[in-house]
Structures are given as structure tokens and as C-alpha cells.
Asker: 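Quick one: the structure is below, and I'll ask about it shortly.
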Amino acid sequence: MDFFQKVYQVTQQIPEGRITTYGTIANYLGAPRSARMVGWALNKSNVRDLPAHRVVNRNGLLTGKFHFDGTNLMKELLENEGILVVDNQIQEMENYFWDPAKELL
DNA sequence: GGCGTGACTTGAA
DNA sequence: ATTCAAGCCACGC
């Protein structure tokens, strides 16, 4: 299984109304210091069905918002799932956090 | 094949 | 607590 493929699967398996971080995914894939690769992989996969809007950085900030649409599309998608987003940042992300190592098994 | 860049993270000043 | 700098790996030029 390639690193990218894993990222794709994990991202696709993120439950609705939940979010995760690049570092968490990277760590789950065995590359705790390669969080950038995760984001980069998503960049090449944004043309797929990957709900990349559910993946944010460690601070819960929607860093990839500009790569999504350049507008508030990402924010709306998250809000549409019941996640409160303010200023491109997820509020109480701890409450929405989704850990693949715990939830996905 | 080398250099620079990137949807990040973490450690140190 | 906040800000700066370095590390990470793959892709593009």
C-alpha cells in the first residue's frame, strides 16, 4: 500500500461531522514527521472524492481552504456537517477530532 | 540529477 | 506564551 493510497483511504473514511489532522494521519501511516506529504498528497487528490475539507492542521486551521476553492467552500462544507468554523479555524476541534488509530482500528 | 517548494509539526530561543 | 528555525519526503523544473 502506497503512502498516498493510505492517505486517500483514511481521508475517505473520516466520519461525517468529524475532522482529523495531517500529523495524525502521518503518524498513523508511520511518518510522524512527514505531515507535509499528507497535505501534498491531498493536493494531488483534491480532484478525487476525498473529503479533504475534514483534514486540517494541528491547530484546527483550514490551511487548505485556498487550495480548495479559494473561497469559503471548505468552511461551508464543515459547517454543513455541524462543525463550527470561525475565521478558517475549527472551534472546539477536540470535540470533533477523529483519530484513525482509535476509531478506524 | 540538483534545487526549490509545499494543504505541516515540533523543538528551541 | 509567542516567534523563529529546522526537518520531513516527494514532485516539478
Side-chain angles (χ1 to χ4, degrees):
Chain A
M1 186 71 74
D2 291 335
F3 187 82
F4 290 10
Q5 297 301 319
K6 289 182 180 178
V7 175
Y8 299 153
Q9 287 195 0
V10 173
T11 305
Q12 281 183 346
Q13 289 171 80
I14 298 175
E16 189 174 306
R18 293 287 193 278
I19 56 108
T20 188
T21 72
Y22 303 98
T24 302
I25 295 174
N27 185 22
Y28 176 68
L29 299 182
R33 303 291 177 235
S34 303
R36 302 182 118 180
M37 306 300 84
V38 177
W40 179 81
L42 293 176
N43 176 279
K44 305 299 285 188
S45 65
N46 66 340
V47 297
R48 296 168 186 263
D49 298 328
L50 294 177
H53 60 273
R54 293 180 185 151
V55 183
V56 296
N57 69 344
R58 185 70 177 86
N59 293 320
L61 187 66
L62 307 185
T63 51
K65 170 193 154 173
F66 294 98
H67 274 272
F68 242 86
D69 184 28
T71 59
N72 58 344
L73 173 64
M74 192 170 181
K75 180 175 181 289
E76 289 185 6
L77 288 171
L78 290 171
E79 287 182 333
N80 188 24
E81 296 185 358
I83 299 175
L84 190 61
V85 180
V86 177
D87 191 32
N88 299 335
Q89 187 171 356
I90 295 175
Q91 303 303 305
E92 298 181 31
M93 69 173 283
E94 297 177 0
N95 191 26
Y96 305 112
F97 197 83
W98 179 80
D99 190 346
K102 288 184 176 181
E103 315 274 346
L104 188 61
L105 296 180

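Just so we're on the same page: letters track the sequence lines, and every chain starts at 1.
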Asker: Could you state the CG-P distance from A:L78 to B:dA7, rounded to the nearest angstrom?
Answerer: 18 Å
Asker: Out of curiosity, does A:I14 fall in the hydrophobic cluster containing A:M37 (side-chain heavy atoms, cut-off under 4.5 Å, transitive links)?
Answerer: yes
Asker: Let me know the distance between CG of A:L29 and C1' of B:dT9, rounded to the nearest Å.
Answerer: 15 Å
Asker: For DNA chain C, which residues of residues 88-95 of chain A approach it to below 4.0 angstrom with any heavy atom?
Answerer: none
Asker: Do the side chain of A:Q13 and the main chain of A:Q9 share a donor and acceptor less than 3.5 angstrom apart?
Answerer: yes
Asker: Under a cut-off of 3.5 Å for both distances of each Watson-Crick or G-U pair, what dot-bracket string does DNA chain B give, using [ ] for crossing pairs and | for inter-strand pairs?
Answerer: .|||||.||||||
Asker: For the residue pair A:E76 / A:N80, report whether a side-chain donor-acceptor contact shorter than 3.5 Å exists.
Answerer: no
Asker: Can you check the distance between C:dT3 and B:dA7, where both ends of the measurement are the C1' atom (answer in whole Å)?
Answerer: 22 Å
Asker: Report which part of the nucleic acid A:A52 touches: base, sugar-phosphate, or nothing (heavy-atom distance under 4.0 Å, all strands).
Answerer: base
Asker: Please tell me if the side chains of A:W40 and A:F4 come closer than 4.5 Å, counting only heavy atoms from C-beta onward.
Answerer: yes
Asker: Taking the side chain from A:T21 and the backbone from A:T24, do they hold a donor-acceptor pair closer than 3.5 Å?
Answerer: yes
Asker: Can you tell me how far C1' of B:dG6 sits from CZ of A:F3, to the nearest Å?
Answerer: 14 Å
Asker: A:V56 and A:T63: side chain to side chain contact (heavy atoms under 4.5 Å, CB included), yes or no, with the steps?
Answerer: CA-CA 7 Å; A:V56 296; A:T63 51; 6.0 Å; no
Asker: Could you give the OH-to-P distance, from A:Y22 to B:dA7, as a whole number of Å?
Answerer: 9 Å
Asker: If you round to the nearest 0.5 Å, how far is CG of A:L62 from NE2 of A:H67?
Answerer: 13.5 Å
Asker: Applying a 4.0 Å non-hydrogen cut-off, can you work out what A:N57 is touching in the nucleic acid: base, sugar-phosphate, or nothing?
Answerer: sugar-phosphate
Asker: Heavy atoms only, 4.0 Å cut-off, all strands: where does A:F66 land among base, sugar-phosphate and nothing?
Answerer: nothing
Asker: Could you grab the distance from atom CD1 of A:I90 to atom CG of A:N59, nearest 0.5 Å is fine?
Answerer: 11.0 Å
Asker: For the CZ atom of A:R18 and the CG atom of A:D99, what is their distance to the nearest 0.5 Å?
Answerer: 12.5 Å
Asker: Quick check for you: to the nearest 0.5 Å, what is the distance between A:E79 atom CD and A:Q91 atom CD?
Answerer: 10.0 Å
Asker: Where do A:H53 and A:L78 come nearest, in terms of heavy atoms and distance?
Answerer: O-CD2, 3.1 Å
Asker: Along nucleotides 3-11 of chain C, 5' to 3', which nucleotides get a B, which get an S, and which get a -, given that the test is a protein heavy-atom distance under 4.0 Å?
Answerer: ----BBBSS
